[in-house]
Number of protein chains: 2
Amino acid sequence: MPRRGPNNGADKRNRILRAAIRIFSQKGFFNSKVSEIARASGVADGTIYLYFKNKDDLLISLFEEKMGDVVAGVRQRISAGGDALAKLRIFIDNHMELLEREAGLIEVLQVELRQSKKFLKDYTPVKFFEYLEVISDILEEGKREGLFRPDLNVSVARRAIFGALDELCLTYVLSHNPKYHPSVSSAEIYRILAGGLCAAKPSAQAG
Amino acid sequence: MPRRGPNNGADKRNRILRAAIRIFSQKGFFNSKVSEIARASGVADGTIYLYFKNKDDLLISLFEEKMGDVVAGVRQRISAGGDALAKLRIFIDNHMELLEREAGLIEVLQVELRQSKKFLKDYTPVKFFEYLEVISDILEEGKREGLFRPDLNVSVARRAIFGALDELCLTYVLSHNPKYHPSVSSAEIYRILAGGLCAAKPSAQAG
DNA sequence: CTCCGGTGAATGGCGGTTCATTCATGGAAG
DNA sequence: CTTCCATGAATGAACCGCCATTCACCGGAG
(Lines give C-alpha, C1' and ligand atoms only; values in the text may rest on other atoms or scores of the structure.)
Protein backbone atom coordinates (compact mmCIF):
# COMPACT_ATOMS: atom_id res chain seq x y z
CA MET A 1 0.00 0.00 0.00
CA PRO A 2 1.92 3.03 -1.23
CA ARG A 3 0.65 5.65 1.13
CA ARG A 4 2.31 8.77 -0.03
CA GLY A 5 4.16 9.82 -3.08
CA PRO A 6 4.34 12.62 -5.55
CA ASN A 7 3.41 10.64 -8.64
CA ASN A 8 0.25 8.97 -7.46
CA GLY A 9 -2.01 11.62 -8.90
CA ALA A 10 -3.45 10.00 -11.99
CA ASP A 11 -3.47 6.65 -10.30
CA LYS A 12 -5.48 7.94 -7.39
CA ARG A 13 -7.96 9.62 -9.65
CA ASN A 14 -8.49 6.33 -11.40
CA ARG A 15 -8.92 4.44 -8.18
CA ILE A 16 -11.67 6.86 -7.27
CA LEU A 17 -13.38 6.48 -10.63
CA ARG A 18 -13.27 2.74 -10.45
CA ALA A 19 -14.66 2.70 -6.94
CA ALA A 20 -17.38 5.11 -7.99
CA ILE A 21 -18.45 2.77 -10.75
CA ARG A 22 -18.66 -0.07 -8.29
CA ILE A 23 -20.63 1.85 -5.71
CA PHE A 24 -22.94 3.67 -8.12
CA SER A 25 -23.72 0.43 -9.93
CA GLN A 26 -24.64 -1.26 -6.67
CA LYS A 27 -26.74 1.40 -5.04
CA GLY A 28 -27.43 4.07 -7.62
CA PHE A 29 -26.10 7.59 -7.67
CA PHE A 30 -28.45 9.11 -5.13
CA ASN A 31 -28.14 6.28 -2.65
CA SER A 32 -24.35 6.32 -2.76
CA LYS A 33 -22.46 8.38 -0.23
CA VAL A 34 -19.29 10.20 -1.14
CA SER A 35 -17.78 8.79 2.02
CA GLU A 36 -18.46 5.27 0.78
CA ILE A 37 -16.65 5.93 -2.45
CA ALA A 38 -13.81 7.38 -0.46
CA ARG A 39 -13.60 4.31 1.73
CA ALA A 40 -13.86 1.99 -1.27
CA SER A 41 -11.01 3.72 -3.03
CA GLY A 42 -8.82 3.88 0.07
CA VAL A 43 -8.86 7.65 0.16
CA ALA A 44 -10.15 10.31 2.49
CA ASP A 45 -13.46 12.03 1.87
CA GLY A 46 -11.77 15.30 1.13
CA THR A 47 -9.38 13.81 -1.39
CA ILE A 48 -12.21 13.21 -3.80
CA TYR A 49 -12.69 16.96 -3.97
CA LEU A 50 -9.11 17.40 -5.07
CA TYR A 51 -9.87 15.45 -8.23
CA PHE A 52 -13.52 16.26 -8.84
CA LYS A 53 -15.55 19.40 -8.41
CA ASN A 54 -18.36 17.65 -6.61
CA LYS A 55 -20.44 14.48 -6.62
CA ASP A 56 -22.16 15.38 -9.91
CA ASP A 57 -18.84 16.03 -11.56
CA LEU A 58 -17.64 12.62 -10.47
CA LEU A 59 -20.58 11.00 -12.24
CA ILE A 60 -20.15 13.05 -15.38
CA SER A 61 -16.41 12.44 -15.57
CA LEU A 62 -17.13 8.77 -15.21
CA PHE A 63 -19.59 8.90 -18.11
CA GLU A 64 -17.40 10.77 -20.47
CA GLU A 65 -14.11 9.05 -19.78
CA LYS A 66 -15.33 5.49 -19.65
CA MET A 67 -17.82 5.91 -22.45
CA GLY A 68 -14.96 7.33 -24.48
CA ASP A 69 -13.08 4.07 -24.05
CA VAL A 70 -16.13 2.10 -25.11
CA VAL A 71 -16.57 4.17 -28.26
CA ALA A 72 -12.91 3.83 -29.17
CA GLY A 73 -13.07 0.10 -28.59
CA VAL A 74 -16.07 -0.58 -30.75
CA ARG A 75 -14.82 1.72 -33.52
CA GLN A 76 -11.66 -0.31 -33.64
CA ARG A 77 -13.42 -3.65 -33.73
CA ILE A 78 -15.72 -2.47 -36.47
CA SER A 79 -12.95 -1.13 -38.65
CA ALA A 80 -11.88 -4.73 -39.09
CA GLY A 81 -14.79 -4.77 -41.36
CA GLY A 82 -17.01 -6.67 -43.67
CA ASP A 83 -20.27 -5.31 -45.01
CA ALA A 84 -22.76 -3.29 -43.00
CA LEU A 85 -24.55 -6.35 -41.70
CA ALA A 86 -21.30 -7.85 -40.46
CA LYS A 87 -20.45 -4.59 -38.76
CA LEU A 88 -23.86 -4.43 -37.17
CA ARG A 89 -23.31 -7.88 -35.79
CA ILE A 90 -19.97 -6.82 -34.37
CA PHE A 91 -21.55 -3.79 -32.78
CA ILE A 92 -24.29 -5.82 -31.17
CA ASP A 93 -21.94 -8.49 -29.90
CA ASN A 94 -19.56 -5.91 -28.59
CA HIS A 95 -22.30 -4.12 -26.69
CA MET A 96 -23.66 -7.23 -25.08
CA GLU A 97 -20.21 -8.56 -24.26
CA LEU A 98 -19.40 -5.39 -22.38
CA LEU A 99 -21.89 -6.67 -19.88
CA GLU A 100 -19.42 -9.32 -18.83
CA ARG A 101 -16.22 -7.39 -19.18
CA GLU A 102 -17.48 -4.14 -17.69
CA ALA A 103 -20.66 -5.02 -15.89
CA GLY A 104 -20.51 -2.20 -13.39
CA LEU A 105 -19.87 0.46 -15.98
CA ILE A 106 -22.75 -0.70 -18.12
CA GLU A 107 -25.07 -0.73 -15.14
CA VAL A 108 -24.20 2.82 -14.25
CA LEU A 109 -24.58 4.01 -17.81
CA GLN A 110 -27.93 2.33 -18.16
CA VAL A 111 -29.58 3.68 -15.12
CA GLU A 112 -27.82 6.92 -14.32
CA LEU A 113 -27.14 8.24 -17.79
CA ARG A 114 -30.87 8.28 -18.27
CA GLN A 115 -31.42 10.32 -15.14
CA SER A 116 -28.63 12.61 -16.05
CA LYS A 117 -29.68 13.33 -19.57
CA LYS A 118 -32.89 14.57 -18.08
CA PHE A 119 -31.99 16.24 -14.82
CA LEU A 120 -28.39 17.34 -14.79
CA LYS A 121 -28.45 20.91 -15.95
CA ASP A 122 -26.09 21.84 -18.74
CA TYR A 123 -24.74 18.38 -19.34
CA THR A 124 -24.74 16.95 -22.82
CA PRO A 125 -23.57 13.38 -23.02
CA VAL A 126 -21.06 13.91 -25.78
CA LYS A 127 -19.62 10.43 -25.76
CA PHE A 128 -23.03 8.87 -25.75
CA PHE A 129 -23.88 10.71 -28.95
CA GLU A 130 -20.65 9.44 -30.44
CA TYR A 131 -21.74 5.93 -29.60
CA LEU A 132 -25.00 6.49 -31.46
CA GLU A 133 -22.97 7.94 -34.29
CA VAL A 134 -21.21 4.61 -34.65
CA ILE A 135 -24.57 3.00 -35.33
CA SER A 136 -25.54 5.70 -37.81
CA ASP A 137 -22.34 5.15 -39.70
CA ILE A 138 -23.11 1.48 -40.08
CA LEU A 139 -26.66 2.16 -41.19
CA GLU A 140 -25.63 4.80 -43.72
CA GLU A 141 -23.01 2.48 -45.11
CA GLY A 142 -25.62 -0.24 -45.47
CA LYS A 143 -27.84 2.09 -47.41
CA ARG A 144 -25.00 3.06 -49.70
CA GLU A 145 -24.16 -0.58 -50.27
CA GLY A 146 -27.78 -1.20 -51.20
CA LEU A 147 -27.96 -3.72 -48.38
CA PHE A 148 -30.42 -1.73 -46.28
CA ARG A 149 -33.69 -0.17 -47.31
CA PRO A 150 -33.15 3.22 -48.97
CA ASP A 151 -36.02 4.65 -46.96
CA LEU A 152 -34.56 3.51 -43.63
CA ASN A 153 -34.93 6.29 -41.09
CA VAL A 154 -31.46 6.26 -39.64
CA SER A 155 -32.16 8.62 -36.75
CA VAL A 156 -35.00 6.52 -35.47
CA ALA A 157 -33.40 3.20 -36.28
CA ARG A 158 -30.21 3.88 -34.39
CA ARG A 159 -32.19 4.78 -31.30
CA ALA A 160 -34.32 1.70 -31.65
CA ILE A 161 -31.23 -0.46 -31.92
CA PHE A 162 -29.61 1.14 -28.93
CA GLY A 163 -32.83 0.86 -26.96
CA ALA A 164 -33.18 -2.82 -27.68
CA LEU A 165 -29.61 -3.55 -26.63
CA ASP A 166 -29.92 -1.41 -23.56
CA GLU A 167 -33.08 -3.07 -22.36
CA LEU A 168 -31.63 -6.52 -22.79
CA CYS A 169 -28.55 -5.52 -20.85
CA LEU A 170 -30.69 -4.20 -18.05
CA THR A 171 -32.76 -7.35 -18.03
CA TYR A 172 -29.73 -9.57 -17.77
CA VAL A 173 -28.18 -7.43 -15.09
CA LEU A 174 -31.30 -7.59 -12.98
CA SER A 175 -32.18 -11.21 -13.45
CA HIS A 176 -28.98 -13.01 -14.43
CA ASN A 177 -31.36 -15.41 -16.04
CA PRO A 178 -29.45 -17.44 -18.64
CA LYS A 179 -32.28 -17.05 -21.10
CA TYR A 180 -31.14 -13.45 -21.47
CA HIS A 181 -27.45 -14.32 -21.62
CA PRO A 182 -25.56 -11.84 -23.79
CA SER A 183 -24.84 -14.42 -26.45
CA VAL A 184 -28.49 -15.41 -26.66
CA SER A 185 -29.74 -11.85 -26.72
CA SER A 186 -27.32 -10.59 -29.31
CA ALA A 187 -28.12 -13.45 -31.66
CA GLU A 188 -31.85 -12.77 -31.47
CA ILE A 189 -31.54 -9.02 -31.76
CA TYR A 190 -29.37 -9.46 -34.81
CA ARG A 191 -31.91 -11.77 -36.39
CA ILE A 192 -34.73 -9.33 -35.78
CA LEU A 193 -32.81 -6.40 -37.16
CA ALA A 194 -31.54 -8.26 -40.16
CA GLY A 195 -34.79 -9.91 -41.18
CA GLY A 196 -37.62 -8.85 -38.90
CA LEU A 197 -39.98 -10.99 -36.93
CA CYS A 198 -41.66 -12.58 -39.87
CA ALA A 199 -41.27 -16.07 -41.19
CA ALA A 200 -38.66 -16.77 -43.84
CA LYS A 201 -38.82 -14.82 -47.06
CA PRO A 202 -38.06 -16.79 -50.21
CA SER A 203 -34.57 -15.41 -50.81
CA ALA A 204 -33.32 -14.53 -47.37
CA GLN A 205 -32.38 -17.89 -45.99
CA ALA A 206 -29.31 -17.81 -43.82
CA GLY A 207 -28.15 -21.18 -42.51
CA MET B 1 -57.10 4.00 2.80
CA PRO B 2 -58.95 6.78 4.61
CA ARG B 3 -62.28 7.21 2.92
CA ARG B 4 -64.41 9.02 5.44
CA GLY B 5 -65.40 12.34 3.95
CA PRO B 6 -68.38 12.74 1.64
CA ASN B 7 -66.41 12.37 -1.57
CA ASN B 8 -63.04 13.90 -0.89
CA GLY B 9 -61.11 10.78 0.11
CA ALA B 10 -60.39 9.05 -3.16
CA ASP B 11 -60.39 12.36 -4.95
CA LYS B 12 -57.66 13.75 -2.74
CA ARG B 13 -55.57 10.66 -3.15
CA ASN B 14 -55.84 11.06 -6.89
CA ARG B 15 -54.92 14.70 -6.78
CA ILE B 16 -51.76 13.72 -4.95
CA LEU B 17 -50.91 11.03 -7.45
CA ARG B 18 -51.41 13.35 -10.37
CA ALA B 19 -49.29 16.05 -8.81
CA ALA B 20 -46.61 13.48 -8.04
CA ILE B 21 -46.49 12.47 -11.68
CA ARG B 22 -46.06 16.07 -12.70
CA ILE B 23 -43.33 16.83 -10.21
CA PHE B 24 -41.44 13.55 -10.57
CA SER B 25 -41.47 13.87 -14.34
CA GLN B 26 -40.05 17.37 -14.15
CA LYS B 27 -37.32 16.89 -11.59
CA GLY B 28 -36.93 13.20 -10.98
CA PHE B 29 -37.79 11.28 -7.87
CA PHE B 30 -34.75 12.19 -5.81
CA ASN B 31 -34.85 15.86 -6.66
CA SER B 32 -38.52 16.19 -5.83
CA LYS B 33 -39.58 17.28 -2.37
CA VAL B 34 -42.61 15.88 -0.67
CA SER B 35 -43.55 19.41 0.25
CA GLU B 36 -43.59 20.37 -3.44
CA ILE B 37 -45.97 17.57 -4.23
CA ALA B 38 -48.12 18.69 -1.33
CA ARG B 39 -48.20 22.25 -2.58
CA ALA B 40 -48.89 21.15 -6.15
CA SER B 41 -51.83 19.05 -5.06
CA GLY B 42 -53.23 21.71 -2.74
CA VAL B 43 -52.74 19.61 0.34
CA ALA B 44 -50.64 19.81 3.48
CA ASP B 45 -47.36 17.92 3.76
CA GLY B 46 -48.74 15.63 6.41
CA THR B 47 -51.80 14.74 4.38
CA ILE B 48 -49.68 12.81 1.95
CA TYR B 49 -48.78 10.47 4.78
CA LEU B 50 -52.46 9.76 5.37
CA TYR B 51 -52.67 8.24 1.92
CA PHE B 52 -49.19 6.84 1.40
CA LYS B 53 -46.75 5.11 3.72
CA ASN B 54 -43.82 7.27 2.61
CA LYS B 55 -42.21 8.82 -0.43
CA ASP B 56 -41.17 5.46 -1.88
CA ASP B 57 -44.66 4.13 -1.48
CA LEU B 58 -45.98 7.11 -3.38
CA LEU B 59 -43.76 6.26 -6.31
CA ILE B 60 -44.63 2.59 -6.25
CA SER B 61 -48.36 3.25 -5.99
CA LEU B 62 -48.04 5.56 -8.92
CA PHE B 63 -46.30 2.86 -10.96
CA GLU B 64 -48.73 0.14 -10.21
CA GLU B 65 -51.95 2.07 -10.47
CA LYS B 66 -51.20 4.10 -13.55
CA MET B 67 -49.39 1.29 -15.30
CA GLY B 68 -52.43 -0.83 -14.58
CA ASP B 69 -54.55 1.62 -16.54
CA VAL B 70 -52.09 1.52 -19.42
CA VAL B 71 -52.14 -2.26 -19.56
CA ALA B 72 -55.92 -2.36 -19.46
CA GLY B 73 -56.12 0.26 -22.20
CA VAL B 74 -53.78 -1.45 -24.62
CA ARG B 75 -55.34 -4.86 -23.97
CA GLN B 76 -58.68 -3.43 -24.95
CA ARG B 77 -57.42 -1.77 -28.11
CA ILE B 78 -55.68 -4.96 -29.17
CA SER B 79 -58.70 -7.15 -28.63
CA ALA B 80 -60.28 -5.29 -31.52
CA GLY B 81 -57.96 -7.35 -33.49
CA GLY B 82 -56.61 -8.47 -36.78
CA ASP B 83 -53.61 -10.75 -37.15
CA ALA B 84 -50.49 -10.59 -35.01
CA LEU B 85 -48.84 -7.97 -37.19
CA ALA B 86 -51.88 -5.73 -36.97
CA LYS B 87 -51.91 -6.13 -33.22
CA LEU B 88 -48.23 -5.36 -33.03
CA ARG B 89 -48.86 -2.18 -34.92
CA ILE B 90 -51.63 -1.25 -32.52
CA PHE B 91 -49.36 -1.91 -29.58
CA ILE B 92 -46.60 0.24 -30.99
CA ASP B 93 -48.89 3.10 -31.91
CA ASN B 94 -50.58 2.95 -28.55
CA HIS B 95 -47.27 3.12 -26.72
CA MET B 96 -45.96 6.06 -28.68
CA GLU B 97 -49.26 7.90 -28.50
CA LEU B 98 -49.24 7.67 -24.73
CA LEU B 99 -46.40 10.12 -24.99
CA GLU B 100 -48.86 12.80 -26.00
CA ARG B 101 -51.80 11.79 -23.88
CA GLU B 102 -49.84 10.97 -20.75
CA ALA B 103 -46.47 12.53 -21.24
CA GLY B 104 -45.70 12.95 -17.56
CA LEU B 105 -46.58 9.41 -16.67
CA ILE B 106 -44.43 8.01 -19.44
CA GLU B 107 -41.50 10.13 -18.38
CA VAL B 108 -41.73 8.92 -14.83
CA LEU B 109 -42.03 5.31 -15.87
CA GLN B 110 -39.09 5.61 -18.21
CA VAL B 111 -36.62 7.08 -15.83
CA GLU B 112 -37.74 6.09 -12.39
CA LEU B 113 -39.03 2.61 -13.03
CA ARG B 114 -35.54 1.74 -14.15
CA GLN B 115 -34.04 3.03 -10.92
CA SER B 116 -36.67 1.31 -8.92
CA LYS B 117 -36.37 -2.07 -10.51
CA LYS B 118 -32.78 -1.99 -9.42
CA PHE B 119 -32.67 -0.20 -6.11
CA LEU B 120 -36.00 -0.39 -4.36
CA LYS B 121 -35.74 -3.42 -2.16
CA ASP B 122 -38.56 -5.93 -2.37
CA TYR B 123 -40.44 -4.24 -5.16
CA THR B 124 -41.46 -6.22 -8.19
CA PRO B 125 -43.06 -4.15 -10.90
CA VAL B 126 -46.07 -6.42 -11.38
CA LYS B 127 -47.86 -4.20 -13.85
CA PHE B 128 -44.75 -3.71 -15.90
CA PHE B 129 -44.46 -7.46 -16.34
CA GLU B 130 -48.07 -7.53 -17.42
CA TYR B 131 -47.25 -4.97 -20.06
CA LEU B 132 -44.47 -7.19 -21.38
CA GLU B 133 -46.90 -10.06 -21.27
CA VAL B 134 -49.10 -8.21 -23.73
CA ILE B 135 -46.21 -8.23 -26.19
CA SER B 136 -45.52 -11.92 -25.58
CA ASP B 137 -49.12 -12.74 -26.32
CA ILE B 138 -48.91 -11.02 -29.66
CA LEU B 139 -45.66 -12.75 -30.54
CA GLU B 140 -46.92 -16.17 -29.54
CA GLU B 141 -50.05 -15.65 -31.56
CA GLY B 142 -47.93 -14.67 -34.55
CA LYS B 143 -45.96 -17.88 -34.24
CA ARG B 144 -49.13 -19.94 -34.04
CA GLU B 145 -50.48 -18.20 -37.11
CA GLY B 146 -47.28 -19.00 -38.94
CA LEU B 147 -46.76 -15.31 -39.49
CA PHE B 148 -43.66 -15.05 -37.31
CA ARG B 149 -40.55 -17.18 -37.36
CA PRO B 150 -41.07 -20.39 -35.41
CA ASP B 151 -37.64 -19.96 -33.83
CA LEU B 152 -38.42 -16.45 -32.62
CA ASN B 153 -37.14 -16.05 -29.07
CA VAL B 154 -40.16 -14.45 -27.50
CA SER B 155 -38.53 -13.56 -24.18
CA VAL B 156 -35.75 -11.66 -25.84
CA ALA B 157 -37.88 -10.19 -28.59
CA ARG B 158 -40.44 -8.67 -26.27
CA ARG B 159 -37.70 -6.94 -24.32
CA ALA B 160 -36.10 -5.70 -27.51
CA ILE B 161 -39.42 -4.30 -28.68
CA PHE B 162 -40.09 -2.62 -25.40
CA GLY B 163 -36.56 -1.25 -25.29
CA ALA B 164 -36.84 0.25 -28.74
CA LEU B 165 -40.12 1.95 -27.93
CA ASP B 166 -38.87 3.15 -24.61
CA GLU B 167 -35.73 4.70 -26.03
CA LEU B 168 -37.66 6.52 -28.71
CA CYS B 169 -40.06 7.88 -26.14
CA LEU B 170 -37.18 9.12 -24.05
CA THR B 171 -35.56 10.70 -27.07
CA TYR B 172 -38.70 12.57 -28.00
CA VAL B 173 -39.32 13.67 -24.46
CA LEU B 174 -35.83 15.09 -24.18
CA SER B 175 -35.53 16.73 -27.57
CA HIS B 176 -39.06 17.35 -28.78
CA ASN B 177 -37.44 17.14 -32.15
CA PRO B 178 -40.13 16.46 -34.76
CA LYS B 179 -37.94 13.90 -36.45
CA TYR B 180 -38.66 11.66 -33.48
CA HIS B 181 -42.35 12.47 -33.40
CA PRO B 182 -44.38 9.53 -32.13
CA SER B 183 -46.01 8.98 -35.49
CA VAL B 184 -42.64 8.92 -37.26
CA SER B 185 -41.03 6.67 -34.69
CA SER B 186 -43.81 4.16 -34.53
CA ALA B 187 -43.93 3.81 -38.30
CA GLU B 188 -40.22 3.11 -38.52
CA ILE B 189 -40.12 0.73 -35.58
CA TYR B 190 -42.98 -1.21 -37.08
CA ARG B 191 -41.19 -1.46 -40.40
CA ILE B 192 -38.02 -2.72 -38.75
CA LEU B 193 -39.83 -5.29 -36.67
CA ALA B 194 -41.97 -6.48 -39.54
CA GLY B 195 -39.29 -6.75 -42.15
CA GLY B 196 -35.88 -5.88 -40.75
CA LEU B 197 -33.40 -3.34 -41.96
CA CYS B 198 -32.65 -5.00 -45.23
CA ALA B 199 -33.69 -3.94 -48.70
CA ALA B 200 -36.63 -5.51 -50.43
CA LYS B 201 -36.45 -9.22 -51.00
CA PRO B 202 -37.24 -10.35 -54.53
CA SER B 203 -40.63 -11.95 -53.97
CA ALA B 204 -41.89 -10.43 -50.76
CA GLN B 205 -42.73 -7.05 -52.14
CA ALA B 206 -46.18 -5.90 -53.01
CA GLY B 207 -45.98 -2.18 -53.66
C1' DC C 1 -69.84 17.56 23.19
C1' DT C 2 -66.74 13.79 20.39
C1' DC C 3 -64.46 12.23 16.45
C1' DC C 4 -61.18 12.42 12.93
C1' DG C 5 -59.43 14.12 8.58
C1' DG C 6 -56.45 17.54 7.81
C1' DT C 7 -52.69 20.75 8.93
C1' DG C 8 -47.91 22.67 8.74
C1' DA C 9 -44.29 24.02 11.93
C1' DA C 10 -40.87 21.50 14.27
C1' DT C 11 -37.62 17.79 14.42
C1' DG C 12 -33.90 14.73 13.64
C1' DG C 13 -30.47 12.87 11.08
C1' DC C 14 -28.27 12.40 7.04
C1' DG C 15 -24.62 13.40 3.94
C1' DG C 16 -22.15 16.71 0.69
C1' DT C 17 -18.73 19.80 1.33
C1' DT C 18 -15.16 22.39 3.72
C1' DC C 19 -10.83 23.57 5.88
C1' DA C 20 -7.52 23.52 9.68
C1' DT C 21 -4.16 20.35 10.30
C1' DT C 22 -0.74 16.70 9.36
C1' DC C 23 3.38 14.91 7.33
C1' DA C 24 6.11 12.68 3.43
C1' DT C 25 8.94 14.63 0.20
C1' DG C 26 12.83 16.85 -2.08
C1' DG C 27 15.87 20.47 -2.34
C1' DA C 28 18.98 23.80 -0.13
C1' DA C 29 22.37 24.66 3.03
C1' DG C 30 26.00 23.49 6.02
C1' DC D 1 26.54 13.07 4.65
C1' DT D 2 22.90 15.37 7.89
C1' DT D 3 19.63 18.89 9.04
C1' DC D 4 16.05 21.87 8.14
C1' DC D 5 12.47 23.93 5.87
C1' DA D 6 8.82 24.89 2.37
C1' DT D 7 5.53 22.62 -0.17
C1' DG D 8 1.10 20.86 -1.12
C1' DA D 9 -1.23 16.37 -1.25
C1' DA D 10 -3.98 14.12 1.84
C1' DT D 11 -6.81 13.82 5.76
C1' DG D 12 -11.34 13.40 8.30
C1' DA D 13 -14.04 15.62 11.91
C1' DA D 14 -17.18 19.08 11.97
C1' DC D 15 -20.37 22.00 9.75
C1' DC D 16 -24.64 23.21 7.88
C1' DG D 17 -28.49 23.07 4.96
C1' DC D 18 -31.87 20.16 3.52
C1' DC D 19 -35.97 17.46 3.65
C1' DA D 20 -38.70 13.21 4.93
C1' DT D 21 -41.38 12.39 8.55
C1' DT D 22 -43.94 13.40 12.78
C1' DC D 23 -47.37 15.10 15.99
C1' DA D 24 -49.77 18.54 18.71
C1' DC D 25 -53.33 21.09 17.34
C1' DC D 26 -57.54 22.82 14.63
C1' DG D 27 -62.30 22.97 12.97
C1' DG D 28 -66.23 21.01 10.85
C1' DA D 29 -69.60 17.31 10.88
C1' DG D 30 -72.61 14.38 13.43
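So that the names make sense, note that chain A is the first sequence line, chain B the second, and so on, each numbered from 1.
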To the nearest Å, give me how far apart CZ (B:R39) and C1' (C:dA9) are. 15 Å
Distance-only, no hydrogens or angles: does the A:K179 side chain make a donor-acceptor pair with backbone N or O of B:V156 under 3.5 Å? no
Among the nucleotides C:dG5, C:dT17, D:dT11, whichever has the atom closest to the side chain of A:D45 is C:dT17
What integer distance in Å separates A:L50:CG from C:dT17:C1'? 12 Å
Heavy-atom nearest nucleotide on DNA chain C taken for B:G42 and for A:K53; more 5' hit belongs to B:G42
What is the distance, rounded to the nearest whole Å, between atom CZ of B:F30 and atom P of C:dG15? 11 Å
Please pick, from C:dT17, C:dG5, D:dA9, the nucleotide with the shortest atom-to-atom distance to any side-chain atom of A:N54. C:dT17
A:K55 side chain near C:dT17 phosphate (N/O to OP1/OP2, under 4.0 Å): no
Return yes if some donor-acceptor pair links the side-chain N/O of B:E145 with the main-chain N/O of B:A84 below 3.5 Å, else return no. yes
Quick one: CG on A:L58 to CD1 on A:I48, what's the gap to the nearest 0.5 Å? 6.5 Å
Side-chain ion pair, B:K87 and B:D83, N-O less than 4.0 Å: no
In whole angstrom, what separates A:D57's CG from C:dG16's P? 15 Å
Any A:T47 side-chain N or O less than 4.0 Å from OP1/OP2 of D:dT11: yes
Quick one: B:D56 CG to D:dC19 P, roughly how many Å, whole number? 16 Å
Measure from the side chain of B:V34, starting at C-beta and using heavy atoms only, and say which of D:dA20, C:dT18, D:dT11 lies closest. D:dA20
Specify the separation, in whole Å, of atom CD1 of A:I48 and atom C1' of D:dT11. 12 Å
Aromatic ring proximity, centroids under 6.0 angstrom, A:Y190 and A:F91: no
Under 4.0 Å between a side-chain N or O of A:Y49 and OP1 or OP2 of D:dA10? no
Whole-Å distance separating the CZ atom of A:R15 from the P atom of D:dA9: 16 Å
Are OP1 or OP2 of D:dA20 and a side-chain N or O of B:K33 less than 4.0 angstrom apart? no
Rounded to whole Å, the CG-C1' distance (B:N31 to C:dG16) equals 14 Å
